[in-house]
S.K.: 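Shown below is the structure under consideration.
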There are 2 protein chains.
Amino acid sequence: MERNTRQRSAIRAAIAQANRPLLPQEVLDAAQQEVPGLGIATVYRNLKALVEEGELQAVHLPGENPRFELVGHKHHHHFQCRQCQRVFDVHGCPGNLSRLAPKGFVVEDHDLTLYGRCTSCVPAARAARGEPAK
Amino acid sequence: MERNTRQRSAIRAAIAQANRPLLPQEVLDAAQQEVPGLGIATVYRNLKALVEEGELQAVHLPGENPRFELVGHKHHHHFQCRQCQRVFDVHGCPGNLSRLAPKGFVVEDHDLTLYGRCTSCVPAARAARGEPAK
DNA sequence: GTAGCTGCAAATTCTTTGCAGTTGT
DNA sequence: ACAACTGCAAAGAATTTGCAGCTAC
């Protein structure tokens, strides 16, 4: 049977409160404010368990370490800010992409990652180029 | 100045002869048939150098270690077969995806990975379900 | 009371780096 | 000659695992 430990609650809460997928280290940092002695191994063990229970899902971006978020309802994609490296959910989808595959290939699914600047970093980039804020 | 070592030639040849992106370990295995004493560190160093020279490009798929292939000409994406795990180039692109990002976000680029069955594996999957070949 | 959980440290896996010896030009 | 390159082994970074003590139920 599974237990309700302080550690697991803190890990769950950390992810629920973030509005974006978190790296294991980010989960640790957030959860340690509630449970100071928390260890990274416990974070990994709980992330794995929560994914298996279906409460969390792993978000894999190309060339990035896995992040974790609450299981959402719909198919969605991600956006990574090239300045702050944070990842955000994108609730849109280009739609049917079967036409892109070579003839004879069957497309069942897809992953899409957008790259650019998030709202917080757009003004910073503009300022760095000496442009006035919009 | 850059040198033409046996090791570098073997690494180049291994990648040129494979018709798919290779993992560093696969490059090592292939290149060692020509240069038996070759070490993995040399493979990594040369892969990095060849990418910087623009001869190779890294292929990052979500949750996968990086693979390396000869540089292609255009922006393109990848298709991974869920049965044989092989990766293929996709020379199409959904186009401008800015509309998908949240308001205030600036989209500069994107990565797309399609998943499904490649031509070789579609008949196998059909057969496994007891369906007649088309 | 006890099975599951936790923290710590050691082990794994993939990749990078330091170093002393080797080699292409 | 001599700077670039190589193999080896050690160092790193991310993740997993072994273990003895702790704790929810």
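This one's a predicted model, so the numbers in the text were calculated from it and none came from an experiment. Protein chains get the first letters and strands the later ones, always in sequence-line order, with residue 1 at the start of each.
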S.K.: What does B/L38 touch in the nucleic acid at a heavy-atom separation under 4.0 angstrom: a base, only the sugar-phosphate, or nothing?
M.R.: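 Sugar-phosphate, backbone atoms only, no base.
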S.K.: Looking for any heavy atom pair under 4.0 Å, which part of the strands does A/P36 touch: base, sugar-phosphate only, or nothing?
M.R.: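 Here A/P36 touches no strand at all.
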S.K.: In whole angstrom, give the distance that lies between atom CG of B/L22 and atom C1' of C/dC14.
M.R.: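 In whole Å, C/dC14 C1' and B/L22 CG are 17 Å from each other.
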S.K.: Could you state the atom-to-atom distance from CD of A/Q25 to P of D/dT15 in whole Å?
M.R.: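 Atom CD in A/Q25 sits about 10 Å away from atom P in D/dT15.
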S.K.: Can you find a heavy atom in the side chain of A/R82 that is under 4.5 Å from one in the side chain of B/D109?
M.R.: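 Heavy-atom side-chain distance check passes, below 4.5 Å.
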S.K.: Tell me which nucleotide among C/dC8, C/dT17, D/dC5 gets nearest to the side chain of B/R8.
M.R.: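 Given the options C/dC8, C/dT17, D/dC5, the side chain of B/R8 is closest to D/dC5.
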S.K.: Nearest 0.5 Å, what's the CG-NE2 distance between B/L100 and A/H78?
M.R.: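 Interatomic distance, B/L100 CG to A/H78 NE2, rounded to 0.5 Å: 13.5 Å.
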S.K.: Between A/H75 and A/H110, does the ring centroid distance fall short of 6.0 Å?
M.R.: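 Yes; A/H110 has its ring centre under 6.0 Å from that of A/H75.
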S.K.: Looking at A/V27, A/D29, A/L47, which one forms a side chain to side chain contact (heavy atoms under 4.5 Å, CB included) with A/L22?
M.R.: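 Option passing the side chain to side chain contact (heavy atoms under 4.5 Å, CB included) with A/L22: A/V27.
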S.K.: If you compare every side-chain N and O of B/N4 against the phosphate oxygens of C/dT23 (OP1, OP2), does one of them come in below 4.0 Å?
M.R.: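 Answer no for this pair, as no side-chain N or O of B/N4 is under 4.0 Å from OP1 or OP2.
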S.K.: Tell me: CD1 of A/I40 to C1' of D/dT15, nearest whole Å?
M.R.: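 Result: 9 Å.
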S.K.: So does A/R45 reach the base of C/dG7 with its side chain, donor to acceptor, closer than 3.5 Å?
M.R.: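 Such a pair exists between side chain and base.
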S.K.: How close or far is atom C1' of D/dT6 from atom OH of B/Y44, stated in whole angstroms?
M.R.: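 Whole-Å distance recorded here is 17 Å.
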S.K.: What I want to find out is whether B/R20 reaches B/E26 closely enough, with some N-O distance under 4.0 Å, to be called a salt bridge.
M.R.: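 Here B/R20 pairs with B/E26 in a salt bridge, since their nearest N and O are under 4.0 Å apart.
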S.K.: State which of C/dA3, D/dT17, D/dT6 makes the closest approach to the side chain of A/R3.
M.R.: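 So the side chain of A/R3 is nearest to C/dA3.
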S.K.: Round to a whole Å and report the spacing from CD of A/E64 to P of D/dA14.
M.R.: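 A/E64 atom CD is separated from D/dA14 atom P by 11 Å.
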S.K.: In whole angstrom, what separates B/E2's CD from D/dT6's P?
M.R.: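 Spelled out: CD on B/E2 to P on D/dT6 is 11 Å.
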S.K.: I want to confirm an ordering. Mapping B/R6 and B/N65 to their closest nucleotides on DNA chain C, which one lands closer to the 5' end?
M.R.: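 It is B/N65, whose closest nucleotide lies nearer the 5' terminus.
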S.K.: Send over the distance from A/L28 CG to D/dT16 P, rounded to a whole Å.
M.R.: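 My rounded result for the distance is 15 Å.
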S.K.: Using OP1 and OP2 only, check whether a side-chain N or O of B/T5 sits under 4.0 Å from D/dT6.
M.R.: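 So the side-chain polar atoms of B/T5 do come within 4.0 Å of the phosphate oxygens OP1 or OP2 of D/dT6, strictly under.
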S.K.: Considering just the side-chain nitrogens and oxygens of B/T42, establish if one lies under 4.0 Å of OP1 or OP2 belonging to D/dC5.
M.R.: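 Checking B/T42 against D/dC5: no side-chain N or O falls below 4.0 Å of OP1 or OP2.
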S.K.: Give a yes/no on whether any side-chain N or O of A/Q7 is located under 4.0 angstrom from OP1 or OP2 of C/dG7.
M.R.: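 Result: yes.
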